[in-house]
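Just below is one structure, and these are the notes that go with it.
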Amino acid sequence: MKQLISSIVEKSISNIYSLQEKVEINIPNKRFGDYSTNIILQISSKINEPIAEIAAKAVNSILKESKLFKNVECTKNGFINFTINDEYLSAQIKEIRKQGKLYGTSSIGKGKTVLLEFVSANPTGPLHIGHGRWAAIGDNIASLLSAVGYKVEREYYINDVGNQVEKLELSVRARANNKEIPEGGYGGAYVIDLAEKLKADLNKPNFRILLINAILDDQKRVLREFGLSFDNYYSEETLHKSGKVKETLNLLDKSGNTFNEGGALWFKSMDLGDDKNRVLVKETGETTYFAADIAYHLDKFKRGYSHIINIWGADHHGYVPRLKAALKALGLETNKLEIIIGQMVALFRGKEPVKMSKRTGEMITLEEVIQEIGKDSARFFLAMTSAQSHLEFDLELAKKHAASNPVYYVQYAHARLCSIFREGHGIVLNEKADLGLLTHPAERDLILKLISIKDEIISAALKREPHIMIEYAKNLSALFHNYYHKCRILSDDLELTSARLMLADAARIVLKNVLELLKVEAPERM
RNA sequence: GGGCCCGUAGCUCAGUGGAUAGAGCAACGGAUUUCUAAUCCGUUGGCCGGAGGUUCGAAUCCUCUCGGGCCCGCCA
């Protein structure tokens with residue numbers, strides 16, 4: 001919609017002033033109009049005419065150019081406000097019903113592929129609330145990108161190599177033999193469960209693999225409960241076994257970006273924007289996590305995606321410059337790699353902070369959170385705010401609000417819509433209904449919100465900010481609840497009932513589409 | 001000491017150059033012979049952390065400053 005309006009305005013401006021301007025369209029406060037632009041203010045410095053005059057000319061031209069608007073007005077301070085004409089709005093109700101599930105999708109990413117890596121928790125214990133945040137946000141970003149036409153793969157990187165899994169194994173073995181866990185080992189209750197579960201396998205040569213798989217299976221199970229399934233699980237170990245890490249080190253060597261010092265092989269990341277040089281091969285001859293990660297990202301690039309996106313917790317943000325430096329050294333186009341840094345979740349029970357530590361085992365798992373507040377509520381809450389904001393997640397509040405929770409508010413709107421059709425089952429949706437009867441302001445507001453979904457999805461996808469869709473779902477629900485109270489849908493007036501049912505059906509479709517995108521249930525009854 | 005993020009209503013957060021800054025929760029007052037009251041309507045609530053600056057215009061951009069989170073490993 002915004003694109004449609006901006007192209008009309010751009011054409012007008014180009015016609016009058018021969019200016020090729022990119023016109024941004026906004027949804028203003030309702031009292032001004034349906035859509036607006038401040039383009040006149042922006043171009044006024046380039047044109048030697050009073051603002052009012054420029055605006056008047058533009059308005060004239062726009063009205064001549066397009067039949068989309070009922071009204072186009074300029075204000076003294078240089079805004080142009082647009083009011084969409086009612087015929088167009090009615091036609092969109094039919095369009096929504098025609099397109100159904102596809103309404104709101106677009107094709108701006110058509111032909112392009114995206115690899116989105118997220119969660120990638122260490123296989124050393126259960127997922128916690130922080131992973132839940134990346135799971136919800138990442139999954140939603142993937143869905144949003146699909147909705148705008150990209151082909152998306154969801155990927156999970158398994159850090160199944162190194163000290164941490166070593167320590168996990170030692171901890172489990174210690175527990176299985178009723179010994180104290182070693183210094184720096186894992187003390188959580190799940191370690192005892194694992195020891196119990198894998199007791200018979202302790203002496204098998206592939207014990208570590210069995211152990212990692214046990215944890216991974218558990219993580220996958222919880223992710224499934226959360227509505228998320230990954231396309232690829234990529235094991236760090238395979239990078240080593242296949243020789244890809246070695247290969248990568250050779251390439252870095254050849255590029256002249258390495259040096260030896262203190263018995264270790266270093267990468268000259270300082271030359272490429274990092275604030276320190278980094279070790280690739282330790283004194284012991286083992287490669288570092290960093291070395292494997294370069295190989296992993298080289299592999300991602302080789303797989304040929306149009307975009308590569310990672311979601312990392314803020315505790316990894318300092319890691320970005322060195323990875324980009326390495327990719328630069330390998331001659332790769334680093335702009336292709338986008339790293340979203342998400343801020344941490346602070347968990348509270350009321351005012352009491354809940355400490356989270358895998359080492360001591362003092363933690364609440366994602367699974368427990370899902371059980372406590374429900375999957376839909378967890379998904380909604382964890383994706384409700386911008387990833388770059390710190391999230392204070394209060395379990396008591398989430399639970400207390402279980403009844404007056406925003407997620408139920410939205411779901412209730414859907415259930416209510418469905419109940420209308422159950423109640424009005426005798427009445428068949430009439431394609432020929434006179435949609436011109438939908439003249440109530442609440443109806444107009446609702447339709448305008450419905451037709452903005454495509455803009456919202458595009459904006460949320462391009463900004464990688466799914467919380468925009470949650471805002472949208474809440475606003476749409478509010479407009480519907482309001483409409484429901486102001487206008488009776490089923491009545492003795494059959495003509496009006498037919499028209500309102502068409503609108504209700506369109507609202508049901510759009511709301512359901514949003515909830516599906518967010519992987520939140522759209523219940524028919526509550 | 002350096003880097004990144006955050007600071008907006010009592011609480012949780014939207015809004016990142018444009019019109020009189022918004023929502024939910026909480027508080028208070030109303031609405032149910034009605035298609036689901038898990039709802040709706042109304043009221044209260046703000047020096048957008050602070051100080052300078054840029055701009056016709058700043059919550060939004062720049063500088064400084066205060067407060068909070070995360071990071072600065074031959075861990076992963």
Side-chain angles (χ1 to χ4, degrees), chain A residues 26 28-29 31-32 36-38 41-42 44-45 51 75-79 81 120-124 157 159-167 184 236 261-266 275-276 278-293 313-321 341-346 381 384-394 397-398 400-413 415-424 465 467-468 470-471 474-475 477-478 480-491 497 500-501 504 525-526:
Chain A
N26 296 304
N29 187 306
R31 66 180 176 271
F32 296 121
S36 76
T37 179
N38 62 354
L41 279 163
Q42 294 185 22
S44 61
S45 60
I51 285 180
T75 64
K76 274 181 228 150
N77 53 357
F79 284 87
N81 295 317
S120 300
N122 284 331
T124 52
Y157 184 54
N159 304 130
D160 49 1
V161 175
N163 276 333
Q164 303 193 11
V165 283
E166 181 83 41
K167 285 206 169 115
E236 180 182 353
E261 192 180 294
L265 179 70
W266 294 72
D275 50 8
K276 274 181 191 168
R278 309 289 174 178
V279 172
L280 296 165
V281 182
K282 302 182 215 173
E283 211 178 336
T284 59
E286 295 165 296
T287 50
T288 56
Y289 171 82
F290 178 44
D293 212 28
D315 50 341
H316 288 83
H317 88 267
Y319 192 80
V320 175
I341 298 298
Q343 298 299 318
M344 314 303 270
V345 181
F381 264 94
M384 195 158 59
T385 55
S386 152
Q388 66 186 351
S389 293
H390 303 264
L391 176 62
E392 283 193 25
F393 194 99
D394 180 354
L397 204 68
K400 192 170 114 195
H401 288 181
S404 58
N405 202 312
V407 71
Y408 297 112
Y409 181 81
V410 172
Q411 290 183 317
Y412 183 51
R416 232 182 191 176
L417 277 158
C418 291
S419 83
I420 294 167
F421 289 95
R422 272 198 305 276
E423 201 60 34
E465 293 196 331
H467 74 273
I468 290 174
I470 295 199
E471 284 291 311
K474 290 198 285 191
N475 291 333
S477 302
F480 168 69
H481 283 310
N482 176 276
Y483 173 49
Y484 180 89
H485 278 267
K486 285 192 178 143
C487 303
R488 226 200 119 77
I489 293 164
L490 302 174
S491 69
T497 298
R500 287 186 168 167
L501 276 173
R525 293 170 197 269
M526 282 175 81

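In the text below, chain A, chain B and the rest are named by the order of the sequence lines, each starting its count at 1.
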Rounding to an integer number of Å, can you tell me how far [X] [atom1] sits from [N] [atom2]?
X: A:K282; N: B:rC75; atom1: NZ; atom2: C1'; answer: 7 Å
X: A:Q343; N: B:rG68; atom1: CD; atom2: C1'; answer: 12 Å
X: A:R31; N: B:rG22; atom1: CZ; atom2: C1'; answer: 12 Å
X: A:E286; N: B:rC75; atom1: CD; atom2: P; answer: 8 Å
X: A:N163; N: B:rC74; atom1: CG; atom2: C1'; answer: 10 Å
X: A:E236; N: B:rA76; atom1: CD; atom2: C1'; answer: 7 Å
X: A:M526; N: B:rA37; atom1: CE; atom2: C1'; answer: 13 Å
X: A:E423; N: B:rU34; atom1: CD; atom2: C1'; answer: 11 Å

Does a side-chain N or O of [X] approach OP1 or OP2 of [N] to a distance below 4.0 Å, or not?
X: A:Y319; N: B:rC75; answer: no
X: A:K276; N: B:rG73; answer: yes
X: A:Q388; N: B:rC6; answer: yes
X: A:R416; N: B:rA37; answer: yes

Rounded [atom1] spacing from [N] to [M] in Å:
N: B:rA23; M: B:rA14; atom1: C1'; answer: 7 Å
N: B:rC13; M: B:rG69; atom1: P; answer: 15 Å
N: B:rU34; M: B:rG17; atom1: C1'; answer: 48 Å
N: B:rA37; M: B:rU32; atom1: C1'; answer: 7 Å
N: B:rU44; M: B:rU8; atom1: P; answer: 23 Å
N: B:rG10; M: B:rG46; atom1: C1'; answer: 12 Å
N: B:rC66; M: B:rG49; atom1: C1'; answer: 7 Å
N: B:rU63; M: B:rA26; atom1: P; answer: 41 Å

Look at all strands and tell whether [X] reaches a base, only sugar-phosphate, or nothing, counting heavy atoms closer than 4.0 Å.
X: A:C487; result: base
X: A:S389; result: sugar-phosphate
X: A:R278; result: nothing
X: A:S386; result: sugar-phosphate
X: A:A504; result: nothing
X: A:Y484; result: base
X: A:G262; result: base
X: A:H481; result: sugar-phosphate
X: A:P28; result: base
X: A:V161; result: sugar-phosphate
X: A:N81; result: base

Measuring from [X]:[atom1] to [Y]:[atom2], what's the distance to the nearest 0.5 Å?
X: A:R488; Y: A:R500; atom1: CZ; atom2: CZ; answer: 10.0 Å
X: A:I470; Y: A:N475; atom1: CD1; atom2: CG; answer: 12.0 Å
X: A:T124; Y: A:D160; atom1: OG1; atom2: CG; answer: 11.5 Å
X: A:E471; Y: A:E465; atom1: CD; atom2: CD; answer: 11.0 Å
X: A:T288; Y: A:L280; atom1: OG1; atom2: CG; answer: 5.5 Å
X: A:T75; Y: A:N38; atom1: OG1; atom2: CG; answer: 10.0 Å

**Asked** Given that both pair distances must be under 3.5 Å and the pair must be Watson-Crick or G-U, what runs of three or more consecutive pairs involve RNA chain B?
**Response** B:1-7 with B:66-72, B:10-13 with B:22-25, B:27-31 with B:39-43, B:49-53 with B:61-65

Nucleotide nearest [X] when distance is taken to its side chain, options [options]:
X: A:H316; options: B:rA14, B:rC71, B:rA76; answer: B:rA76
X: A:T288; options: B:rC74, B:rC35, B:rC40; answer: B:rC74
X: A:D315; options: B:rC70, B:rC35, B:rC74; answer: B:rC70
X: A:M344; options: B:rC74, B:rC35, B:rC70; answer: B:rC70
X: A:E465; options: B:rA19, B:rA38, B:rG15; answer: B:rG15

Minimum-distance pair of heavy atoms, taken over all atoms of [X] and [Y]:
X: A:V165; Y: A:P123; answer: CG1-CG, 4.0 Å
X: A:Y409; Y: A:S477; answer: CE2-CB, 3.8 Å
X: A:K474; Y: A:P406; answer: CD-CB, 3.8 Å
X: A:L417; Y: A:F480; answer: CD2-CE1, 3.4 Å
X: A:A415; Y: A:R422; answer: O-NH2, 4.5 Å

Are there any protein N/O atoms within less than 3.5 Å of an N/O atom in nucleotides 41-45 of chain B, and if so, which ones and at what distance?
unit_1: B:rC41; atom_1: OP1; unit_2: A:N482; atom_2: ND2; d: 2.5

**Asked** Does the A:H481 side chain pair with the main chain of A:A478, one donor and one acceptor, at a distance under 3.5 Å?
**Response** no

**Prompt:** Which sits closer to the 5' end of RNA chain B, A:T75 or A:E471, going by the nucleotide each is nearest to?
**Reply:** A:E471

**Asked** For RNA chain B, whose closest nucleotide is more 5', that of A:D160 or that of A:T37?
**Response** A:T37

**Request:** Check the geometry between A:Y409 and B:rA38 and answer yes if their rings are stacked (centres below 5.5 Å, planes below 30°), otherwise no.
**Result:** no

**Asked** Does the ring of A:F79 lie flat against the base of B:rG18, closer than 5.5 Å centre to centre with planes under 30°?
**Response** no

Atom pairs, protein N/O to nucleotides 8-12 of chain B N/O, distance under 3.5 Å:
unit_1: B:rU12; atom_1: OP1; unit_2: A:E392; atom_2: OE1; d: 3.3

Side-chain contact test, heavy atoms from C-beta onward, threshold under 4.5 Å: evaluate it for [X] versus [Y] and give yes or no.
X: A:E423; Y: A:L490; result: yes
X: A:I341; Y: A:Q388; result: no
X: A:V407; Y: A:F381; result: no

**Message:** For A:Y289 and A:Y319, take the angle between the two ring planes, folded into 0 to 90°, and tell me which bin it lands in: parallel under 30, tilted 30 to 60, perpendicular over 60.
**Reply:** tilted

